[in-house]
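Notes follow once the structure below has been shown.
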Amino acid sequence: MDEIRISLENGESQSFPKGITAGEALERLGFEMVGSAVAAKANGEMVDLNRPLKEDSSVEAVIRNSKEGIEVLRHTASHVMAQAVQRLYPAARITIGPAIENGFYYDFDIPDPISVDDLPQIEAKMQEIIQQAVPVERQELDRQDAIRLFSERNEPYKVEMLEEIDEPRVSVYGQEDWLDLCRGPHLLNTAEVKSFKLTGVAGAYWRGDERNPMLQRIYGTAFFSKKDLKRYLQLLEEARKRDHRKLGRELDLFSVSDEAGPGLVIYHPKGARLRHIIETFEKEAHLRRGYQMVMGPQLLKTEMWKKSGHFENYRENMYFTEVEDQSYGIKPMNCLAHMLIYKSTIRSYRDLPIRYFEMGMVHRHEKSGVLHGLTRVRQFTQDDAHLICTPEQLNGEINGIIDFALDMLELFGFEYEIELSTQPERRIGTDEDWERATNALVKALEDKQISYELCAGEGAFYGPKIDILLKDALSRRWQCSTIQCDFTLPERFDLTYIGADGEKHRPVMLHRTLLGSMERFLGVLIEHYAGAFPTWLAPVQAIILTVTDRHQQYAEELYRQLLNAGIRVEKDFKNEKLGYKIREAQLQKIPYMLVVGDREVEAGGASPRRRDGKDLKLMEVQEFIRLVQGENAVTESILKAN
RNA sequence: GCCGACGUAGCUCAGCCGGCAGAGCAAUCGCCUUGUAAGCGAUAGGUCAUGGGUUCGAAUCCCAUCGUCGGCUCCA
């Protein structure tokens, strides 16, 4: 009988008869956590535990508590769900159903739409399949046979996929009479799918292309234990509580009105205050880093948008208007005016780099279905800048921007992910330009040893970009910072500088934002802090609460003092019990509550109660002012960072 | 834009197999003068998203439009 050599990661190795399963080999080699293995890797390939090994292999266990392990579970859960759905709705055609970040989904082509009300029934059918403890079986067959098989089963989407697969042999997985084209691996038995929940339904285009038919997607999640599932569902519940749309209303920060129009944010006093705080600080930070503040007009002649390429490539996102037979486009980006400023005079190489900064309000016509609170709107303000420099300065400028952006995000305490997006199909400029620009961005990331994800074809139409993404409370990622390299607009607008050689040269331009859109950033920020902003950001930093109305006079005096010291203070002199006022201030998440009663009036000080419930006891007014001013000073680090 | 769900007072929601539009919180007014997360009482507040239809009669059934939510596509 043929023998094969199997080795473990720890160097343990032994000969076994050919055909021994991956699971058995693990066990016989003394792998300690055999019970927690849900699949295996043989020579790097993910395989089922019962896969017979045919050649010398190094075997590794894929355990429950690993990312890959839970993916195996969820992928199997998606198969169980697909089987359940096809049993309940025989007309449903299967497509694809992968594991995703927090669960899994499966897309079906089904004549009658599935609604959330149908989910309990599907869950019950899944439960049935799980309780029957059906073995999950893998089978390998010729591609042509598979095509025949899925044609017979009337699964056109599977046939379509098979026709595009290159390999001669494919694998199918199934339980009972149910079957799916699948690479695997899977759990060995449906009984192992213990803790799952279907979480939602949605429409999704076949292969993610809007020209394709709309499929019905069912989302679900699965865990190895009921406890983990419960914890996850609680986490979702918590996340919903910090939804910025809910907090925005409760904290009276902003609203969006049907009357005014969808995607148009209306800032209430506290929301406007918040923006004012961030923006004034940010403007100062830019000035200290060698940026110049500029302002462009809200609309520019359509001719200019034609020249820049926006009309051709971005028209469907733009608003246009006509006055006195002249067509204007409302700006969706701020770059045009900045180029006009550059062109307003002759530039020398000694002037470069030039960094123009603008809190620029832009309008973009977003499709109605994509609007979302503050994070996806039609009018927003960008902390935008355009840097114009020599090709030699490019790398240094990109580095400076990355540092600036990461410093900002660190100040707010954000985790982030970085993506590099390369040339899209619809673009302007030569391939050579694109390559140079892309290389410049890659080099900057590599110099800084920043890991990033490559998004091929996702760049802007005028250049490649680096994006920094922040997560909201529900783990949805939102693009905030973006650094875009542009060799083509300087060309189109004939931007030049006089070099040391006395000749005209073409500068390079960088478009960049740090926080991105103030709207989106604010939305993510609200969720990040769950509405409890740190003192330096809080729209209201302190509120004065009187115990009875005989304390009003002193409270008024205290209010004046704090206001004069620049503290954002409010007063609550309502004829209510102290507990009531504290509760209200607490719900408004105000960092400090200043209780004013007999003791304070007599001593002439203030008794701050912190938002976390801690009583700071009676202190001098000046001491409290210093306390708040100290907390305000956290921005100093950024202002001085250059 | 596409698929699905939803739209009742400022907010959260009940009413919806057709028959007088409701509750709690918030608001206003009064009483209480109050010490660290909700005192008591009264009053006011709605073209039931909008428009059309079915019906003796529509918040309730049907259609359209607008908007919101969950996704898809797109994106700061």
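Naming: A, B, ... by sequence-line order, numbering from 1 per chain. These numbers come from a predicted model, not from an experiment.
Atoms CG (A:Asp549) and P (B:G30) sit 13 Å apart, rounded to a whole Å. One can place CG of A:Leu198 at 16 Å from C1' of B:G4, the figure rounded to the nearest angstrom.
Contact check, A:Arg249 against B:U12: a side-chain N or O comes under 4.0 Å of OP1 or OP2. Using a 4.0 Å cut-off, no side-chain N or O of A:His365 falls inside it from OP1 or OP2 of B:C74. Between B:U36 and A:Arg583, no contact under 4.0 Å exists linking OP1 or OP2 to a side-chain N or O. Taking side-chain N and O atoms only, A:Gln586 has no distance below 4.0 Å to OP1 or OP2 of B:A37. Between B:A76 and A:Lys465, a contact under 4.0 Å exists linking OP1 or OP2 to a side-chain N or O.
If you check every strand for non-hydrogen atoms under 4.0 Å, A:Arg520 touches a base. Within the 4.0 angstrom heavy-atom criterion, no nucleotide atom of any strand lies near A:Tyr105. In this structure, A:Glu519 reaches neither bases nor backbone, as no heavy-atom distance under 4.0 Å exists between it and the strands shown. Residue contacts shown for A:Ala204 are limited to sugar-phosphate atoms, with no base heavy atom under 4.0 Å away. Residue contacts for A:Val116: at a heavy-atom cut-off of 4.0 Å it reaches no nucleic acid atom on any strand shown. Note on A:Asp598: a base of the nucleic acid sits closer than 4.0 angstrom, heavy atoms only. Among the heavy atoms of the strands lying under 4.0 Å from A:Asp258 are primed sugar atoms or P, OP1, OP2 only; no base atom is included. Heavy atoms of A:Val362 sit nowhere under 4.0 angstrom from any nucleic acid atom. Nucleic acid contact class of A:Gly597 (heavy atoms, under 4.0 Å, all strands): base. Contact annotation for A:Gly200: no contact, since no heavy-atom pair falls under 4.0 Å across all strands. Backbone-only engagement by A:Tyr580 is indicated by non-hydrogen atom pairs under 4.0 Å involving sugar-phosphate atoms exclusively.
Pairing of B:C69, defined by two Watson-Crick or G-U wobble distances under 3.5 Å, is identified with B:G4. In this structure, B:G24 forms a base pair with B:C11, meeting either the Watson-Crick or the G-U wobble geometry with both donor-acceptor distances under 3.5 Å. Nucleotide B:U60 is matched to nothing when pairs are restricted to Watson-Crick or G-U wobble geometry with both distances under 3.5 angstrom. Pairing of B:C40, defined by two Watson-Crick or G-U wobble distances under 3.5 Å, is identified with B:G30.
Contact annotation: side chain of A:Arg376 to base of B:C75, donor-acceptor pair present below 3.5 Å. Put simply, the side chain of A:Glu600 and the base of B:G35 share a donor and an acceptor less than 3.5 Å apart. Looking at A:Glu366, its side chain comes within 3.5 Å of the base of B:A76 through a donor and an acceptor atom.
Spacing between B:U60 and B:G22 at atom C1', rounded to whole Å, works out to 15 Å. Nucleotides B:U8 and B:U55, compared at atom P, are 28 Å apart to the nearest Å. Taking atom C1' on both B:U73 and B:C56, the two are 50 Å apart, rounded to the nearest angstrom. Atom C1' of B:A58 sits at a distance of 11 Å from the matching atom of B:C62, rounded to the whole Å. B:A38 and B:U43 have their P atoms separated by 26 Å, given to the nearest Å. The separation of B:G4 from B:G18, taken at their P atoms, amounts to 27 Å, rounded to a whole angstrom.
Using a 4.0 Å cut-off between charged nitrogen and carboxylate oxygen, A:Lys614 and A:Asp612 do not count as a salt-bridge pair. Ion pairing between A:Arg376 and A:Glu519 fails under the 4.0 Å rule for side-chain N and carboxylate O. Look at A:Glu279 and A:Arg273 and you find no salt bridge, because none of the NZ, NE, NH1 or NH2 atoms lies under 4.0 Å from a carboxylate O.
For the ring-ring contact (aromatic ring centres under 6.0 Å, His included) criterion with A:Phe412, the lone passing option out of A:Phe281, A:Phe521, A:Tyr529 is A:Phe521.
With centroids closer than 5.5 Å and planes inclined by less than 30 degrees as the test, A:Phe380 and the base of B:A76 pass as a stacked pair.
Ranked by how close their nearest RNA chain B nucleotide is to the 5' end, A:Leu371 and A:Gly613 are led by A:Gly613. Of the two residues near RNA chain B, A:Tyr314 and A:His551, the one whose nearest nucleotide lies more 5' is A:His551.
Using the six-membered ring where Trp is involved, A:Phe404 and A:His286 have ring planes that are tilted, between 30° and 60° apart. By the 30° and 60° cut-offs, the orientation of the rings of A:His310 relative to A:Phe461 is perpendicular.
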Next on the checklist: Please determine whether ring pair (Phe, Tyr, Trp, His ring centres under 6.0 Å) holds for the pair A:His511 and A:Tyr462, giving the CA-CA distance in whole Å, both sets of side-chain angles, and the decisive distance to 0.1 Å.
Outcome noted: CA-CA 10 Å; A:His511 310 241; A:Tyr462 48 77; 4.4 Å; yes
